[in-house]
There are 2 protein chains.
Amino acid sequence: MRPRPPPPRTDPSGEDESQFLAQYDPGAFEHPSVSVDVVLLTVRDGGLASLVCKRASHPHKGRWSLPGGFIGMGESLDQAATRVLRSKGGLSRVWLEQLYTFGALGRDPRTRVISIAYYALIDAARLQAVETSDALALARVSVPWEGEAGGPVELLDEEGEPLALAFDHADILGMAVRRIRGKLDWAPIGFQLLPREFTLLQLQNVHQAILGRTLNKDSFRRRMLASDLLRPTGTRQAGVGHRPAELFRFTQQSAV
Amino acid sequence: MRPRPPPPRTDPSGEDESQFLAQYDPGAFEHPSVSVDVVLLTVRDGGLASLVCKRASHPHKGRWSLPGGFIGMGESLDQAATRVLRSKGGLSRVWLEQLYTFGALGRDPRTRVISIAYYALIDAARLQAVETSDALALARVSVPWEGEAGGPVELLDEEGEPLALAFDHADILGMAVRRIRGKLDWAPIGFQLLPREFTLLQLQNVHQAILGRTLNKDSFRRRMLASDLLRPTGTRQAGVGHRPAELFRFTQQSAV
DNA sequence: AAAATAGTGTCTATGAGACACTATAGT
DNA sequence: ACTATAGTGTCTCATAGACACTATTTT
């Protein structure tokens, strides 16, 4: 397969830079479309769940897809991802990070679309107000592999039936799961999935949901307390039917 | 700052998908330009070095830049990065991985350019045949921070003077250094910077060049020999002026 | 009192760093 | 013989897992 040669960067020489810029024609070559897609993850019922939209129009009409949209000429990539979360889910101040850029040739049947994927993490409680629409759902993520080596993942509806995903969005979701599994042990990302005050057991449950396996309680406690990421609030749980646990806060800024 | 709303994805309803695709007009909205930039790194003189090109045309004419080029409509992102390495450096079969996508608004003075950055690793011996042109150089990377937290890095010429870098390429280089420092301990990337057969000391020197600090010899040996990534060849160095070290090979495929 | 989870103390296995020692090439 | 690096054996320290035990709340 011979790729088409790149558009030349040369110019009639002898100009200065301002002259060059005044004459530059960005439409001289065909450009791909560029979009962002956002994997919004939360922890619900002991497992990961992701926000998906039902496609109302072609292509892949009726299938489920990650919230996304084309990049505007006047917004940065981060701004575009933030806008998508606000317009599709009404969410703001969500922790967000770039994931990977997908640009395979046939990934969108319309035309060449390059998509910069982001992933976002949010406390499940903040999603209560948002959803249960016909076109917007929070679907359970089913990861058919362990550790950080694996491909696409499945999304399941309430009955546990697989949802049909549009485009390469199952691959994007799989990449997001690999990324947060890999970062969990050395970056403070578990906190983004919890309310501002939480117990160590809640934090452990978040880690277990991300990793898809159980963790050793003692070792987890020690590691977290030694990490300098937690600050005890001095208060405790109330009305829990057993000895109440101490509440902690994340020491850093929680929302971006 | 209010970002421009995204182009609508809706269509006149009632069509089927093939009708929709036949009528789809990808030029209906303005698209950004999309390019790839490649950080080609090697280890030379105990430190990292990167391949850079002197810009022959505006913008930033005369400054040094990462090898890059616009994406062709008929090539994937990986193919574009591979093509850039072949056309600018004459290199093929180089280990290559996507790094990050840079899309800030003012990063290119011509127009909106979104650049998917890649990083590539290569044995310094393979670069001997390539360079020493007036427009192509291998510049020493000077990292002004330790660990994986830091911003841009500098490139130095043979006299140790900083090179003027075009666009946001100092940031891209900094991101590449952070990435390989972070991956070094759990991914087999040091091997890509060595010839097919190498000694443990050579491997340690590569790790030290990447991390910018010295490592414990005993611990490094043990860790590597226990890692299942090395296969002893049974042969030894010759003509080295001291006890010759055993030669090893990387157990996995070395070139992509 | 029973149930359920919170939290502590201690033992053990593992891996990294430190250090001393032996081995083997060229000069 | 001398020098420089290769490679081995052993000690110590830090951390994770395992396990036993005590503590505190609601029902």
Side-chain angles (χ1 to χ4, degrees), chain A residues 43 45-46 146-148 181-188 190 194-195 197-249, chain B residues 43 45-46 146-148 181-188 190 194-195 197-249:
Chain A
V43 170
D45 303 331
E146 293 180 3
E148 293 162 47
R181 282 190 178 179
K183 284 194 82 162
L184 188 60
D185 275 341
W186 53 273
L194 287 168
E197 303 199 343
F198 51 87
T199 69
L200 286 175
L201 184 60
Q202 288 176 315
L203 183 59
Q204 181 174 350
N205 286 332
V206 163
H207 280 232
Q208 291 180 162
I210 291 174
L211 297 174
R213 64 189 182 88
T214 56
L215 294 171
N216 182 279
K217 174 184 136 187
D218 316 74
S219 164
F220 183 80
R221 284 182 65 86
R222 255 182 317 203
R223 202 150 45 90
M224 285 302 140
L225 291 172
S227 72
D228 250 36
L229 294 171
L230 302 178
R231 193 164 49 78
T233 62
T235 57
R236 295 175 158 266
Q237 285 179 308
V240 283
H242 54 77
R243 173 172 174 179
E246 183 162 18
L247 292 168
F248 291 85
R249 281 194 189 177
Chain B
V43 170
D45 304 330
E146 293 181 2
E148 294 161 45
R181 282 190 178 180
K183 284 195 83 163
L184 188 59
D185 275 341
W186 54 273
L194 288 168
E197 302 199 344
F198 52 86
T199 69
L200 285 175
L201 185 60
Q202 288 175 313
L203 183 60
Q204 181 175 351
N205 286 333
V206 163
H207 280 233
Q208 291 180 161
I210 291 174
L211 297 174
R213 64 190 182 88
T214 56
L215 294 171
N216 181 279
K217 174 184 135 188
D218 316 73
S219 165
F220 184 80
R221 285 182 63 84
R222 257 181 317 201
R223 204 151 44 91
M224 285 302 140
L225 292 173
S227 71
D228 249 36
L229 294 171
L230 302 177
R231 195 165 48 80
T233 62
T235 58
R236 295 174 158 268
Q237 285 179 307
V240 282
H242 54 77
R243 173 172 173 179
E246 183 162 18
L247 292 168
F248 291 85
R249 281 194 188 176

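Numbered from 1 within each chain, the chains take letters A, B, ... in sequence-line order.
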Visitor: Would you grab the first and last nucleotide of DNA chain C (5' to 3') that comes under 4.0 Å of any non-hydrogen atom in chain B?
Guide: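 Contact span on the strand: dA16(C) to dG26(C).
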Visitor: Shortest non-hydrogen contact from Leu215(B) to His207(B)?
Guide: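 Here Leu215(B) and His207(B) meet closest at CD1-CB, 3.7 Å.
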Visitor: So, taking the atom named CZ in Arg222(A) and the one named CG in Asn216(A), what distance separates them when rounded to the nearest 0.5 Å?
Guide: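 Going from the CZ atom of Arg222(A) to the CG atom of Asn216(A) covers 7.5 Å.
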Visitor: So, the side chain of Arg231(A) versus the backbone of Arg249(A): is there a donor-acceptor pair under 3.5 Å, distance only?
Guide: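 Not confirmed, Arg231(A) side chain does not pair with Arg249(A) backbone.
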Visitor: Through what angle, rounded to 10 degrees, does the axis of the helix from dA1(C)-dT27(D) to dT27(C)-dA1(D) turn between its ends, using five pairs per end?
Guide: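 For the helix from dA1(C)-dT27(D) to dT27(C)-dA1(D), the axes at opposite ends meet at about 0°.
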Visitor: Atom CD in Gln202(B), atom CG in Leu247(B): separation rounded to 0.5 Å?
Guide: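 It comes to 7.5 Å.
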Visitor: Return whichever of Phe248(B) or His242(B) has its heavy-atom-nearest nucleotide of DNA chain D closer to the 5' end.
Guide: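 Result of the comparison: His242(B).
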Visitor: Residues from residues 200-223 of chain B sitting under 4.0 Å of DNA chain C, heavy atoms only?
Guide: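 Only Asn216(B), Asp218(B), Ser219(B), Arg222(B), Arg223(B) qualify.
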Visitor: Nearest 0.5 Å please: distance from the CZ atom of Arg236(A) over to the CZ atom of Arg243(A).
Guide: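 Here the rounded value is 6.0 Å.
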Visitor: So Leu194(A) and Phe248(A), do their side chains get closer than 4.5 Å, heavy atoms only?
Guide: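 Contact flag for Phe248(A)/Leu194(A) side chains = no.
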Visitor: Considering heavy-atom distances to DNA chain D, does Arg243(A) or Gln237(B) have its closest nucleotide positioned more toward the 5' end?
Guide: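 Final value for this comparison: Gln237(B).
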Visitor: Decide side chain to side chain contact (heavy atoms under 4.5 Å, CB included) for Phe220(B) and Lys217(B); before the verdict, give the C-alpha distance in whole Å, the side-chain angles of both, and the deciding distance to 0.1 Å.
Guide: CA-CA 5 Å; Phe220(B) 184 80; Lys217(B) 174 184 135 188; 5.8 Å; no
Visitor: Please report the shortest heavy-atom distance between Pro232(A) and Glu246(A), naming the atom on each side.
Guide: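 That would be CB-OE2, 3.4 Å.
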Visitor: Can you tell me how far the CZ atom of Arg181(B) sits from the CZ atom of Arg213(B), to the nearest 0.5 Å?
Guide: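 Between Arg181(B) CZ and Arg213(B) CZ, I get 9.0 Å after rounding to 0.5 Å.
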Visitor: Quick check for you: to the nearest 0.5 Å, what is the distance between Glu148(A) atom CD and Leu184(A) atom CG?
Guide: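 It comes to 9.5 Å.
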